[in-house]
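The block underneath contains the structure these notes are about, expressed in C-alpha cells.
Please read these numbers as outputs of a predicted model, since none were measured by experiment. Computed over heavy atoms, backbone and side chain alike; hydrogens, waters and symmetry mates excluded. Just so it is clear: chains get the letters A, B, ... in the order the sequence lines come, proteins before strands, and each one is counted from 1.
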Amino acid sequence: MSDHSPLYIQNSLTREKELFTPLNAPYVGMYVCGPTVYSNVHLGNVRTFLTFDIVYRYLSFLGYQVRYVRNITDVGHLTGDSDDGEDKIGKKARLENLEPMEIVQKYTNDFHDVMRIFNIKSPSIEPSATGHIVEQIEMVKQIITRGYGYESNGSVYFNVRKFNEDFPYGQLSGRKIDDLLSNTRVLDGQDEKNDPLDFALWKKADASHLMKWPSPWSEGFPGWHLECSVMSTKYLGNSFDIHGGGMDLKFPHHECEIAQNAGATGECNSVGYWMHGNMLTVNGRKMAKSEGNGFTPDELITGNHKLLERGYTAMTVRFFMLQGHYASTLDFSNDALQAAEKGLGRLIKAVQALKDLAATASEHNPDANIDELAKRCETAMGDDFNTPILISVLFDAVKLINNIHDGRVAISANQKDALQNLVHGYFFEVLGLQLEDDASGDSTDEAESLLDLLVQLRSDAKSNQDWTTADSIRQALSDLGVTIKDGKDGSTWNRD
RNA sequence: GGUCCGAUGGCCGAGUGGCUAGGCUCAGCUCUGCAAAAGCUGCUACAGCGGUUCGAAUCCGCUUCGGACCUCCA
C-alpha cells in the first residue's frame, strides 16, 4: 500500500476530504446498508451498491484486506411512522399470498441476480436482520441500562434529548435538535413516545402482525435502525473504518445508528469515514418506486419501459454510472445511455486490441509515457474514488493503443507489458467492467463459420468488381444485424 | 416552513483562484469501388447581477431556477 498514491475520502461526518488511514492496516472494515427485500431492486439501488463495489475493489486493488459487510433488511418495517402502519414484508406477503420469509427469499434472490449481472462483487459477510434478533434485544438492554432508552406500553424508545445532553446528536446530518422539534410533524400513534424526536428501538406487535419475536418488553420486532448498529459492530468491532449507504439514509437512519452505538457503548464516533452515495435521478427527480420512475434491471435490458427508447446492457449502465462521480446526482436518460454505450464500445475495442499489439521498438520509447498514465489513474482514484477522471485517463490510453496499433507509435516489450497491466488492472479489477454481456453468448461456432464464408464470398465479388453482389451481401447481413467492416487488410464482421 | 445541495459548451459529465477533463454529437481528414465502420484532427463552456483579487467557472453577496432531506427510501 505504501508504494501507492495516498487515498483521500470525503467524510460525510466532518464534511472534509480526509487522508484514509485504516485503524488496523492492512485490514479495513467496511459496512454498507443493504436493501430491504420486499420488492425488486431498481437502478437507483444498483447505483449505491455499485459505488461501494468500487470502494471495495479499489481498496483491494491497493492491497488492503477488506472485510466488507452488507446487510439484508428482512424484518418487516412499518410503511409509515405510525403504529397502525402495516409492515412492508407482511403486506407484500398478503398481496402475493406467501409466507413473509418467502417474500424475503424471493427478493433476496432477485437482489443477488441483479448484483451478478452488474458484476458487483459479493460482500465478505451478508448478515440478515432476522438472524440477529437476539443481539438486537441485547443492544436495547444496554441502551436502557445506560439510561438512553425507556419502555412505553411494550415498546422501547430512544431518548434523544437525554442522549443529546451527553453526545452531539445530529452531527452527521447537520441537524439541530431544536430545529428538528419545530419541524416534527404530528403523526398518529406517537403518544407512546415521551418526545416526538424519540425513535423506536423495539415495537410491540399487534395480533395481525406476521413477523414478531419474544422480548423482555413484548412480542414484537426491532426498530429499523437497530439492525445496522448491531450487525456492523458485531462483525467489524465497536470501531471500524468505513460506513456507507445512500444519501437518503443519512437522516434519520444513520443518525440514529450513531446514537444507538454511542448509547449502547458510551463511546462516540465509532466509524472513521462515513460515505454517502448520491441519488440516481430521472428527468431531474430522484428515482423512487413511489414516483413510478424506477427501472428494474430487467426493464432496462429489454427496453420494456415507457421512458426507455430501447434496451441497454448492464455493462453500458455500469459504465454510464461510473462516468459520473458517486457524490453527485446522476441523471438517467436515453441520450446519456447511448453516449455511454458508444464510449464503452470504443474502450472495449482498445482493450481487445491490446493483446495483439506488436512491441516493435527495441528500447524504451519516451513518447509512450505509461508510468505517467498509471500515476494519473492512481491520483484520480485517490481523490475520493474519482472514476470519471480515471475513465478520461483510460481514454488517453485508448488513443495510445490505437496509435501503436496503427504503427504511429512504437513501444518496447516492457512498455507493452506495462500498458497491458495498467489497462487490465483498471478496466477489469477497479472499474469491474467486462468485455461483453454473458447474455449475448448465444452465437455458435457454426454461425461464425457461415458468416466468415459469406464475408469471403463478398470479398471475392469485390475483387471481381462485382459491386452488385458485394453490396447485396452487405445489405442482407446488415438486415440480420451484422455489420461488415472493410479495412486495409480485408473485411471483418461484427454483431450489432 | 426548516436544513442542505446544485446550475458547466448541442447532450452527458469532471474540475474549486491562473495551465484545464473525458465521452457522445457535429465538422474536416485518412482509409475506401461507394458507403459504413474505425482511426486521426478540430470544436473553449461555466445561470444572472454585483463584489474581492494582478487574475474568478472556482472565493463572497444577492437574484432566478432546480433538487434532496425533514416520513419508508439506495
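For the pair A:M381 CE and B:G22 P, the interatomic distance rounds to 19 Å; values are reported in whole Å. Remark: C1' of B:U3 and CD of A:E255 are 12 Å apart, rounded to the nearest angstrom. The interatomic distance linking A:M315 (CE) with B:G23 (P) rounds to 21 Å, in whole Å. Distance, A:F251 CZ to B:G2 P: 17 Å, rounded to whole Å. Atom pair A:N293:CG and B:A74:P shows a separation of 14 Å (rounding to whole Å applied).
Salt bridge present: A:R318 and A:D53 bring a charged side-chain N and a carboxylate O closer than 4.0 Å. A salt bridge links A:D195 to A:R161: at least one charged side-chain nitrogen sits closer than 4.0 Å to a carboxylate oxygen.
Note that CG of A:N386 is 11.5 Å distant from SG of A:C377, once rounded to the nearest 0.5 Å.
Looking at residues two or more places apart in sequence or on another chain, you find no side-chain hydrogen bond (donor to acceptor under 3.5 Å, both in side chains) involving A:N164. Residues that satisfy the side-chain hydrogen bond (donor to acceptor under 3.5 Å, both in side chains) test with A:K399, not counting sequence neighbours, are absent from this structure. The side-chain hydrogen bond (donor to acceptor under 3.5 Å, both in side chains) search around A:D466 returns A:T469, not counting sequence neighbours.
Between A:H132 and A:Y235, the distance separating the two ring centers is shorter than 6.0 angstrom. For A:F332 and A:F295, the ring centers sit closer than 6.0 Å to each other. In summary, the aromatic rings of A:F111 and A:F49 are positioned with their centroids under 6.0 Å apart.
A sub-4.0 Å separation between OP1 or OP2 of B:A74 and a side-chain N or O of A:K286 is absent. Taking side-chain N and O atoms only, A:K462 has no distance below 4.0 Å to OP1 or OP2 of B:G33.
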Taking N or O atoms only and anything under 3.5 Å, show me the protein contacts with nucleotides 39-46 of chain B, one pair per line.
{"residue": "B:G39", "atom": "O2'", "partner": "A:D406", "partner atom": "OD2", "Å": "3.2"}
{"residue": "B:G39", "atom": "O2'", "partner": "A:R408", "partner atom": "NH2", "Å": "2.8"}

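A cation-pi arrangement is not found for A:R70 relative to A:F52, the charged atom failing to lie both closer than 6.0 Å to the ring centre and inside a 45° cone about the ring normal.
Position along RNA chain B of the nearest nucleotide to A:I391 versus A:N45 favours A:I391 as the more 5'-ward residue.
Within residues 275-285 of chain A, the residues having any heavy atom under 4.0 Å from RNA chain B are, by residue number, A:N278, A:M279, A:L280, A:G284, A:R285.
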_Base versus backbone protein contacts along nucleotides 8-18 of chain B [heavy-atom cut-off under 4.0 Å; B, S, -]_ = ----SSSS---

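Contact annotation: side chain of A:R474 to base of B:C34, donor-acceptor pair present below 3.5 Å.
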